[in-house]
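Because the structure is a prediction, the values reported are computed rather than measured.
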Amino acid sequence: MRTATLGPAQRVESLASMAERELDVLVVGGGVVGAGTALDAVTRGLSTGLVEARDWASGTSSRSSKLIHGGLRYLEMLDFALVREALKERGLLLERLAPHLVKPVPFLYPLQHQGWERLYAGSGVALYDAMSTARGRGRGLPRHRHLTRSHALRVAPCLKKDALVGALQYYDAQMDDARYVATLVRTAASYGAHVANRARVTGFLREGERVVGARVKDVEGGVEYEVRAKQIVNATGVWTDDTQGMVGERGRFHVRASKGIHLVVPKDRVNSSTGLILRTEKSVLFVIPWGRHWIIGTTDTDWNLDKAHPAASSADIDYLLEHVNSVLSVPLTRDDVEGVYAGLRPLLAGESDATSKLSREHTVAHPVPGLVVVAGGKYTTYRVMAKDAVDEAVHGLDMRVAECVTEDVPLLGAEGYRALWNARARIAAQTGLHVVRVEHLLNRFGSAAQEVLDLIVADPSLGEPLQAADDYLRAEIVYGASHEGARHLDDVLTRRTRISIETFDRGTRSAREAAELMAPVLGWDKGQIEREVEHYEKRVEAERESQLQPDDQTADAARLGAPDIVPL
């Protein structure tokens with residue numbers, strides 16, 4: 001397998017190649033399900049294209065809780081099949097497919113009642129552990145343990161003494177969701193898929209009732225292509241109904257958007273060596289370790305406004321702070337919040353009035369010949385969703401097609417990762433970087449970290465950290481543009497790195513330095529650098545303003561005050 005580079009030239013070549021000859025499968029939507037579908041299709045030997053209207057993972061797939069988990073709360077709903085499926089996927093990702101990106105994370109569940117709660121919750125967590133190891137998956141994670149109150153307070157001194165009578169500690173896993181998708185796209189491209197972001201489907205091509213292709217507009221070049229394909233997979237998440245509407249046919253199901261917001265606070269604001277999971281009246285609340293930060297989330301509310309930029313209101317932020325402060329001995333305030341982000345869950349409509357009770361199971365349909373729709377589900381089970389979507393597409397192909405093999409296809413950077421991890425001290429000595437920097441690169445790029453190190457060898461100044469975001473090296477910004485498909489400053493500060501939520505300035509102090517690093521790769525002149533910086537600053541300003549508004553309607557209006565894309 002060659003390692004694909006998603007630079008500007010590759011993007012143009014991919015669009016031209018898609019239009020040149022009929023594809024077996026064209027996937028619409030560059031989130032985790034679309035990227036996974038492209039990888040599934042291409043590794044079955046199918047000629048495959050993947051297009052995304054904005055940036056890879058720019059929707060739901062970069063705004064999740066960043067957890068790979070079995071769904072412990074679904075056990076309470078007796079949804080054993082979904083939990084079993086998700087736990088199998090968690091084990092695959094941890095052990096085989098993406099050990100460089102998916103990592104174990106501990107959670108403490110405070111108990112508030114003597115006797116019955118420990119028995120009830122303990123039985124659930126014990127079943128969770130048993131299901132995770134039943135098929136030989138997940139054995140790399142420690143088993144749960146019961147803690148006394150004093151032991152729990154030693155593990156998590158941040159908790160109020162009267163907030164618990166004891167606790168349970170168990171393990172799940174986490175990842176950087178946007179980085180995972182970018183890696184998934186590159187893996188698909190490495191196997192031969194044609195991939196292009198900033199390429200919007202404006203309509204479908206029809207022959208009679210059959211869908212035979214799509215009109216795809218290069219949002220930045222302005223050129224429109226006709227891409228013909230034997231089967232098209234609509235994997236557009238919360239945009240499913242909109243995409244389906246282009247066909248002019250009534251869909252078999254609808255997707256409902258549920259908004260979840262998250263806060264990011266510095267590590268020193270919560271004194272704990274473990275994550276926390278708390279019950280609220282509506283769902284569960286997580287306090288998740290995230291490098292030198294904590295992620296606190298999430299909410300679960302219906303959202304019927306702008307899907308591209310869901311806004312967090314002041315009420316959303318207050319809700320999270322109020323609930324997390326109910327158990328913290330030193331409460332958090334607005335001044336502690338570094339970053340805020342909001343995402344939309346794609347839930348299948350019609351199963352319940354309350355979004356928090358809607359099933360996270362997915363559905364695949366073939367509403368008209370030539371078009372497959374996949375929707376619902378959860379991040380952890382993206383690979384299963386992708387398999388089911390391609391299986392359905394295969395029914396419409398007049399050819400013999402191999403079975404799914406993605407259970408045995410590691411993502412780019414997985415091969416050789418553990419060997420390089422063992423050699424990290426030697427790599428640090430050879431490169432002159434601190435071993436912590438090498439570990440950071442290995443856990444973001446796996447064995448592809450060597451490509452980042454090559455940039456530093458060619459230009460040692462790229463081995464320096466960004467001045468206002470020193471968790472990241474300057475080389476990582478260049479690499480995002482040259483290898484990972486970043487087209488704009490926002491792509492790098494928000495998704496290739498997480499500077500936009502990990503700094504109190506939300507990335508504005510890093511904007512100019514990052515833009516100047518990207519400019520030579522993307523051919524920007526001084527005017528474009530200024531436009532990129534100005535656009536980013538306006539985006540941050542609009543987000544800050546939205547987070548002061550009392551409700552969804554006013555927050556949405558404030559967020560839409562910033563333009564969506566920078567013209568080239």
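Remark: R418 engages no residue in a side-chain hydrogen bond (donor to acceptor under 3.5 Å, both in side chains) (not counting sequence neighbours). For D242, the side-chain hydrogen bond (donor to acceptor under 3.5 Å, both in side chains) test picks out K307, with sequence neighbours left out. Under the side-chain hydrogen bond (donor to acceptor under 3.5 Å, both in side chains) criterion, R200 pairs with no residue at all, not counting sequence neighbours. By the side-chain contact (heavy atoms from CB on, under 4.5 Å) test, D318 is found to be paired with S314, R334, residues two or more places apart in sequence or in another chain being considered. Residues satisfying the ring pair (Phe, Tyr, Trp, His ring centres under 6.0 Å) test with Y341, not counting sequence neighbours, are H262. For the side-chain hydrogen bond (donor to acceptor under 3.5 Å, both in side chains) test, residues two or more places apart in sequence or in another chain that qualify with E502 are W290, Y472. Take D552 and apply the side-chain contact (heavy atoms from CB on, under 4.5 Å) test, not counting sequence neighbours, and it matches K259, W303, L305, S313, D316. Applying the salt bridge (charged side-chain N to carboxylate O under 4.0 Å, His left out) rule to R383 yields the partners E89, E407; only residues at least two apart in sequence or on another chain are considered. By the salt bridge (charged side-chain N to carboxylate O under 4.0 Å, His left out) test, D470 pairs with R292, sequence neighbours left out. The ring pair (Phe, Tyr, Trp, His ring centres under 6.0 Å) check on H194 picks up nothing, with sequence neighbours excluded.
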Checklist entry - Run the side chain to side chain contact (heavy atoms under 4.5 Å, CB included) check on R269 and I296 step by step: do they pass? => result CA-CA 12 Å; R269 302 303 199 272; I296 300 170; over 6 Å; no
Next on the checklist: Does D306 form a salt bridge (Lys or Arg N to Asp or Glu O under 4.0 Å) with R559? I'd like the steps, not just the answer.
Outcome noted: CA-CA 9 Å; D306 180 64; R559 175 61 186 88; over 6 Å; no
Checklist entry - After noting the C-alpha distance and the side-chain angles of T37 and Y382, does the key distance pass the side chain to side chain contact (heavy atoms under 4.5 Å, CB included) rule? => result CA-CA 9 Å; T37 301; Y382 82 88; over 6 Å; no
Next on the checklist: One pair to check against salt bridge (Lys or Arg N to Asp or Glu O under 4.0 Å): D218 and R11. What are the steps and the verdict?
Outcome noted: CA-CA 10 Å; D218 179 351; R11 176 179 167 278; 2.4 Å; yes
Checklist entry - When you look at K538 and E543, which way does the salt bridge (Lys or Arg N to Asp or Glu O under 4.0 Å) test go after all the steps? => result CA-CA 9 Å; K538 284 183 176 178; E543 285 185 348; over 6 Å; no
Next on the checklist: One pair to check against side chain to side chain contact (heavy atoms under 4.5 Å, CB included): S65 and I288. What are the steps and the verdict?
Outcome noted: CA-CA 8 Å; S65 295; I288 306 165; 4.2 Å; yes
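Taking 4.5 Å as the limit, some side-chain heavy atom of I477 sits within range of a side-chain heavy atom of M518. Taking the side chain as every heavy atom from C-beta outward, N271 and V330 never approach each other to under 4.5 Å. With a 4.5 Å cut-off on side-chain heavy atoms, V28 and V216 do not count as touching. Taking the side chain as every heavy atom from C-beta outward, T494 and S62 never approach each other to under 4.5 Å. Side-chain contact between W56 and E484 is absent, with no heavy atoms from C-beta onward closer than 4.5 Å. Between P104 and L94 there is a side-chain heavy-atom pair separated by less than 4.5 Å. Looking only at side-chain heavy atoms (C-beta outward), E476 and L466 stay at 4.5 Å or farther from each other. Looking only at side-chain heavy atoms (C-beta outward), K526 and E530 stay at 4.5 Å or farther from each other.
Between A558 and E545, the shortest heavy-atom distance links the atoms CB-CG, 3.9 Å. Nearest heavy atom pair, residue Y536 against residue S500, reads OH-CB, 3.2 Å. Closest of all the heavy-atom pairs between A199 and V219 is N-CG2, 4.3 Å. Closest heavy-atom contact between G463 and L433: O-CD2, 3.9 Å. Shortest non-hydrogen contact noted between P410 and T187 is O-CG2, 4.0 Å. Taking every heavy atom of both residues into account, W294 and V270 meet most closely at NE1-O, 3.2 Å.
Listed for the H488 side chain is no donor-acceptor partner under 3.5 Å among the backbone atoms of E532. T60 contributes no side-chain N or O that, together with a main-chain N or O of G343, makes up a donor-acceptor pair within less than 3.5 Å. Of the possible donor and acceptor atoms, none in the side chain of Q549 sits under 3.5 Å from a partner among the backbone N and O of D551. Within the 3.5 Å criterion, the main-chain N or O of V195 finds a donor-acceptor partner in the side chain of S14. Between the side chain of S190 and the backbone N or O of A4 there is at least one donor-acceptor pair closer than 3.5 Å. Side-chain atoms of T48 do not come within 3.5 Å of backbone N or O of A193 as any donor-acceptor pair. Formation of a donor-acceptor pair under 3.5 Å by the H323 side chain with backbone atoms of Y319 is found in this model.
For the pairing with L332, the side-chain contact (heavy atoms from CB on, under 4.5 Å) check across N325, V287, V337 returns one residue only, N325. Of the residues listed (T183, L93, V102), the one engaging L411 in a side-chain contact (heavy atoms from CB on, under 4.5 Å) is T183, and it is the only one.
The pair D300-R345 meets the salt-bridge criterion, with a side-chain N (NZ, NE, NH1 or NH2) lying under 4.0 Å from an Asp/Glu carboxylate O. In this structure, D177 does not pair ionically with R63, as no charged nitrogen and carboxylate oxygen lie closer than 4.0 Å. For R509 and E537, the salt-bridge test fails: no basic side-chain N is under 4.0 Å from an acidic carboxylate O. A salt bridge links R198 to D491: one of the charged nitrogens lies within less than 4.0 Å of a carboxylate oxygen. With respect to the salt-bridge test (charged N to carboxylate O, under 4.0 angstrom), the residues D55 and R487 do not qualify.
Distance check: D176 CG to N443 CG gives 11.5 Å after rounding to the nearest 0.5 Å. The structure places CG of L441 at 11.5 Å from CG of L420, a figure rounded to the nearest 0.5 Å. The OG1 atom of T298 sits 6.5 Å away from the CG atom of L320 when rounded to the nearest 0.5 Å.
Each side chain to side chain donor-acceptor pair (under 3.5 Å) pair with one or both residues in residues 420-437, not counting sequence neighbours, appears once here: R424-E439. Residue pairs satisfying the side chain to side chain donor-acceptor pair (under 3.5 Å) criterion with at least one member in residues 446-468, sequence neighbours excluded, are listed as follows: R186-E451, Q450-D454, E451-Y479, D459-S461.
Residues T243 and T236 bring a donor and an acceptor atom of their side chains to less than 3.5 Å of each other. Side chain to side chain, Q528 and R531 meet the donor-acceptor criterion of an N or O pair below 3.5 Å.
Under a cut-off of 6.0 angstrom, the local environment of CD in E224 is crowded, with over 12 non-hydrogen atoms contributed by other residues, nucleotides or ligands.
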